[in-house]
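Note that the structure is a prediction, hence the values are computed from the model and not measured.
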Amino acid sequence: MPDYRRVLPHFTARIRANLSGKGHIAVTSRAFNPRAQAGGGRAAVKIALAALFALAAGVCLAEPKHGIAMHGDPALPADFDHLAYANPDAPKGGRITYGFVGTFDSLNPFIVKGTSPRGLWDETLGRNLWESLLTRNRDEPFSLYGLLSESVDVAPDRSWVEFTLRPEAKWADGEPVTPEDVIFTYDLLKEKFRQPSTRKMLTDAVVSVEKTGERGVRYTFKDGSNRELPMIIGLLVVLPKHAVDPATFDQTSLTPLLGSGPYAVADVNAGHTVTLKRRADYWGRDLPIKRGFDNFDEIRIEYYRNDDTYFEAFKKGLVDVNRESDPARWATQYDFPAVADGRVVKDGFASKIPKPMTGFVFNSERPVFADRRVREALTYCIDFEWLNRSLYHGLYKRAASYFQDSELSALGLPASEAEKALLAKFPDVVTAAAMDGTYAPPVTDGSGADRTALRKAFELLKTAGYERKGDTLVNAASGQPLAFEVLVRVAEDENLALSMQRTCALLGVKIDVRRVESGEFEARIKDFDYDMIRFSYVSSLSPGNEQYNRWSSSSVHNPGAFNFAAVHEPAVDGMIDALLAATGQEDFVTAVHAFDRVLMSGYYLIPLFYAPEDWWALWSRVKHPAEPSLYGAEPTTWWIEE
C-alpha cells in the first residue's frame, strides 16, 4: 500500500497539468501508476480521487480569471469594452515629441549598466517596446488584467500563480510568445535584472517556474506570505528566448532588444534622440485593455543638456508637452506668444494617489548622520514658509508623510491598537509624536532665520554631543566639526541647498554645495558616494515590493537600489513584511500606517514640499480624454489633432 501523504502531491500535480492543457482526466490506475498492471490499481484510484477532491476544494486549483487584484476582486468584468480613462474613438496618427534633460548610452532599461532613454519601458510614457503578462488598470489601486496572458489563475493562499498565454501574442518578427520565453526571462532576470530587490525576490521566493499545458506557465512560491508576488510576476517584462543572448544581455548596447509591444525603434542618435514608430502589425491593438491607447504614429524622445535649453525648445514647438516641476516658472514664465494665442495650453491634472515625498536625503551611513538626533535637528534648517512665499509663489504644500493626502497616511492620526501590536516588537523606534499623531515638520515664522527653530535645532545637537567653538559646531568628544556636502545637479536644488547652507551657518554647521553634471551625479549615487542628495519618492495606493528596494536592510549598497538613506532598521523590514502579508484592505492600511510612522520617526530626510496637482503644458494639437485616471495624466491615451 503506497504512502498517501507522499504521493498525493504528485497526483494533484498530474491532474492540474492535464486540466491546464484542457485535456480529459481518466481516473484509472494506468493513468497514474505505471505499476498498476502488477497490482495496486485500486489504491491508485483512491489517491487520484483524493487528489481530485483536494483540487475541487480549492486547495490546489483556483478559478482562472481575466484579472487579479491585490485585495478582493478586479472592478471590471471579463467582457469590459475599454478603460474609463481612454477614448476608444481616439484618432491614430501624427508624431509626439517628449523632451528630457540628460543623456543616454544604452537601449536596455533592464540592466545595471548604462542609462536608457525614457519611453521604452515607462510607467508614464508607456511600455512601448516590450510587454508583460498582465497590465494595470490605473483607475484601481492595484488591479491587473491580461495582456500577453489571456487568464490568470492564483492559489487562494497565493502560494502559486499560473498564466495562460494568448495564442495571438507575437513578437515583432512574427514568432509567437511562448511559455519558454517566460521561463527564459525569469532565468535571465534573476541573475541580471537592474533592481536587486527583484533579483532577490526571484531567487529566494520562487521555488519553480514550469510549463503547464500548451500555453501555460506556473510560478510556485515558497509560501504565500508575500501576497504581492503574483502581481509583481505578472508585471515583469517578457523577452524572446530566440532573440536574446544571455551572455551579452547585461552589456550596454544601442541595439534594441526585440519586443512584442506596439512600437519599434526606428532611429537612434546616441545620447540625443530616439524615434519609435507604431507597428502596423502589432498583435494586441484590438484588445479591450489597449483600446484608445498607442495613438501616435511616432514617438520622439529628445534629450537636452540643461533645463533652460529644454524649456526654450518647448516654447519653440520642438517639444510637444512639458511636465512642469518649477512653480516659479509655472507662475511667471508661461507668457510667451504661443500661450497668449492658445497654441499652448496650461493643464492641471489632479491625482488621487499619495503625493511624492521629496526631500534632502541623509546618507545615514556617514558618521556625521549616524545619530537620529542630528538628522532631526537639521530639519529645522529648512524654512518652508519663507521658501514657498519667496520662491514658489505659494503653490506648494509641505511634505510630511510618505503617503501624503491618502488613506495610507498616518499623519495626524493616533496609532490604532492593531498598529501598536505590529510595532510592539520594535520598542522605542517610533517617536511619541509619530505614535500619537502629533508629528509635523517644523513650522517657522517665514523670516528665513527663525530663532525659535534654530534654538530647537541647537538643543537637539547638544544632546547629540555637539558644542559651539567660535563659529563652528564640533563634536565635544572627537573635536570633529559638523560638516557635510550636498550633491546637486540642477539649479533649483542648488538654490535650495544654498538656502539651507545659510541657515545652518548660523548654528556653526558647515555645508559645501557641489553641483555636477547629470552623468557624474548618476555615477555617484549609483556608488552611494554622497553625504546628502535631493530625491523624490513616488508612491501608489498599493505600496509593495518596491519598498524593499527603497528602505530595506537588504538593499543597502546594492547597485540599482534606491535606498539612498542607507536604512538598515529591523522595524522598517518588519513593516514591509507586514504590508505584503496583509490579506485584506483593513490589515493592509494598518501595516502601511505603521510603516509610515517608522519612516517619519527615522528622520531619513528633510521633508520639502509637493505640488497639489500635476502641471502640464501642451501644444494644442495634443488632445487627451476629459477625465484622467486615478493616477492623473495618462500620455499613453493622448492623440494628435492637427
Query raised in the report: Are Asp294 and Arg285 close enough, and set up right, to give a side-chain contact (heavy atoms from CB on, under 4.5 Å), and what steps lead you there?
Result: CA-CA 8 Å; Asp294 314 319; Arg285 60 184 178 274; over 6 Å; no

Report task. Please assess Ile606 against Tyr603 for the test side-chain contact (heavy atoms from CB on, under 4.5 Å), listing each intermediate value before the final yes or no. Result -> CA-CA 7 Å; Ile606 301 175; Tyr603 292 96; over 6 Å; no

Report task. Given salt bridge (charged side-chain N to carboxylate O under 4.0 Å, His left out), test Asp405 with Lys352 step by step and report yes or no. Result -> CA-CA 8 Å; Asp405 292 353; Lys352 299 179 179 63; over 6 Å; no

Query - Audit row: Leu580, Tyr548, side-chain contact (heavy atoms from CB on, under 4.5 Å) steps and yes/no - result: CA-CA 10 Å; Leu580 286 170; Tyr548 282 130; 3.2 Å; yes

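Taking the six-membered ring where tryptophan is involved, the planes of Trp121 and Phe110 are perpendicular, since the angle between them exceeds 60° and thus also 30°. Ring geometry, Tyr145 versus His66: the interplanar angle falls from 30° to 60°, so the pair is classed tilted. Aromatic ring orientation, Phe528 versus Phe564: tilted (interplanar angle from 30° to 60°).
For the pair Asp153 and Lys65, the salt-bridge criterion is not met [side-chain N within less than 4.0 Å of a carboxylate O]. Taking the charged nitrogens against the carboxylate oxygens, Arg489 and Glu520 have no contact shorter than 4.0 Å, which rules out a salt bridge. Under a 4.0 Å N-O distance rule, the pair Arg215/Glu150 qualifies as a salt bridge.
With sequence neighbours excluded, the residues satisfying salt bridge (charged side-chain N to carboxylate O under 4.0 Å, His left out) with Asp529 are Arg366, Arg524. Take Arg291 and apply the salt bridge (charged side-chain N to carboxylate O under 4.0 Å, His left out) test, not counting sequence neighbours, and it matches Asp81. For the salt bridge (charged side-chain N to carboxylate O under 4.0 Å, His left out) test, residues two or more places apart in sequence or in another chain that qualify with Glu180 are Lys211. For the side chain to side chain donor-acceptor pair (under 3.5 Å) test, residues two or more places apart in sequence or in another chain that qualify with Lys200 are Asp204. The side chain to side chain donor-acceptor pair (under 3.5 Å) search around Thr590 returns none, not counting sequence neighbours. Applying the salt bridge (charged side-chain N to carboxylate O under 4.0 Å, His left out) criterion to Arg372, with sequence neighbours excluded, gives no partner residue. Considering only residues two or more places apart in sequence or on other chains, Tyr282 meets the side chain to side chain donor-acceptor pair (under 3.5 Å) condition with Glu131.
Contact annotation: the side chain of Asn128 approaches that of Ile299 to within less than 4.5 Å [non-hydrogen atoms, C-beta and beyond]. Residues Pro179 and Leu165 meet the side-chain proximity criterion, which asks for heavy atoms closer than 4.5 Å. In this structure, Leu408 and Asp596 have side chains that are not in contact, with every pair of non-hydrogen atoms separated by 4.5 Å or more. Side-chain contact between Lys526 and Pro559 is absent, with no heavy-atom pair separated by less than 4.5 Å. Looking at Ile68 and Met231, their side chains come closer than 4.5 Å, going by heavy atoms from C-beta outward. Side chains of Glu123 and Arg138 form a contact here, defined as non-hydrogen atoms less than 4.5 Å apart.
A donor-acceptor pair is defined here as one N or O able to donate and one able to accept, closer than 3.5 Å; no such pair exists between the side chain of Ser159 and the backbone of Phe221. Although no hydrogens or angles enter the test, the distance criterion places no donor-acceptor pair under 3.5 Å between the side chain of Arg227 and the main chain of Ala581. Within the 3.5 Å criterion, the main-chain N or O of Gly146 finds no donor-acceptor partner in the side chain of Ser149. Judged purely by atom type and a 3.5 angstrom limit, Thr115 has no side-chain atom pairing as donor or acceptor with the backbone of Asp105. Using modelled atom types, no side-chain atom of Arg127 and backbone atom of Gly261 make a donor-acceptor pair closer than 3.5 Å. Under a 3.5 Å cut-off, the side chain of Thr248 and the backbone N or O of Gln251 do not form any donor-acceptor pair. No donor-acceptor pair closer than 3.5 Å links the side chain of Asp250 to the backbone N or O of Lys113. Side chain of Arg166 to main chain of Leu147: a donor-acceptor pair is present (N/O by atom type, distance under 3.5 Å, no hydrogens or angles). Without hydrogens or angle criteria, Lys192 side chain to Arg199 main chain gives no donor-acceptor distance under 3.5 Å. Side-chain atoms of Glu365 do not come within 3.5 Å of backbone N or O of Ala566 as any donor-acceptor pair.
Applying the salt bridge (charged side-chain N to carboxylate O under 4.0 Å, His left out) test to residues at least two apart or on different chains, none of the pairs has a partner in residues 564-589. Identified under the ring pair (Phe, Tyr, Trp, His ring centres under 6.0 Å) test for residues 183-202, with sequence neighbours left out: Tyr186-Tyr219. Pairs of residues two or more places apart, or lying in two chains, never qualify as side chain to side chain donor-acceptor pair (under 3.5 Å) while including a residue from residues 229-240. Among residue pairs with one or both ends in residues 546-562, none qualify as salt bridge (charged side-chain N to carboxylate O under 4.0 Å, His left out); sequence neighbours excluded.
Expressed to the nearest 0.5 Å, how far OG of Ser540 lies from CG of Leu630 amounts to 10.0 Å. Taking CZ of Phe142 as the reference point, atom CE of Met70 lies at 7.0 Å (rounded to 0.5 Å). Rounding to the nearest 0.5 Å gives a distance of 6.0 Å between CD of Glu162 and CH2 of Trp160. Rounding to the nearest 0.5 angstrom, the gap separating the OG1 atom in Thr178 from the CH2 atom in Trp171 is 8.0 Å. Expressed to the nearest 0.5 Å, how far CG of Leu422 lies from CD of Glu417 amounts to 12.0 Å. Annotation: the span from Asp122 atom CG to Leu129 atom CG amounts to 11.5 Å, rounded to 0.5 Å.
Closest approach of Val361 and Phe535 over heavy atoms only: CG2-CB, 3.9 Å. Heavy atoms only, all atoms of each residue included: Pro635 and Tyr98 are closest at CB-OH, 3.5 Å. For the pair Leu276 and Val274, the tightest heavy-atom approach, listed with the atom from each and the gap, is CD2-CG1, 3.8 Å. The two residues Ser518 and Gly102 have their closest heavy-atom pair at OG-CA, 4.3 Å. Here the shortest heavy-atom pairing between Thr636 and Thr124 reads CG2-O, 3.9 Å.
Side-chain atoms of Thr252 and Ser106 form no donor-acceptor pair, as typed in the model, at a separation below 3.5 Å. For the residue pair Asn558 and Asn563, no side-chain donor N or O sits within less than 3.5 Å of a side-chain acceptor on the partner.
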Can you give the donor-acceptor pairs under 3.5 Å from side chains of residues 235-245 to other protein atoms, not counting sequence neighbours?
| from | atom 1 | to | atom 2 | distance (Å) |
| --- | --- | --- | --- | --- |
| His242 | NE2 | Asp173 | OD2 | 2.7 |
| Asp245 | OD1 | Ala247 | N | 3.0 |

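Remark: aromatic rings of Trp551 and Phe562 are distant, center separation not under 6.0 Å. In this structure, the ring of Phe362 has its center no less than 6.0 angstrom from the ring center of Tyr604.
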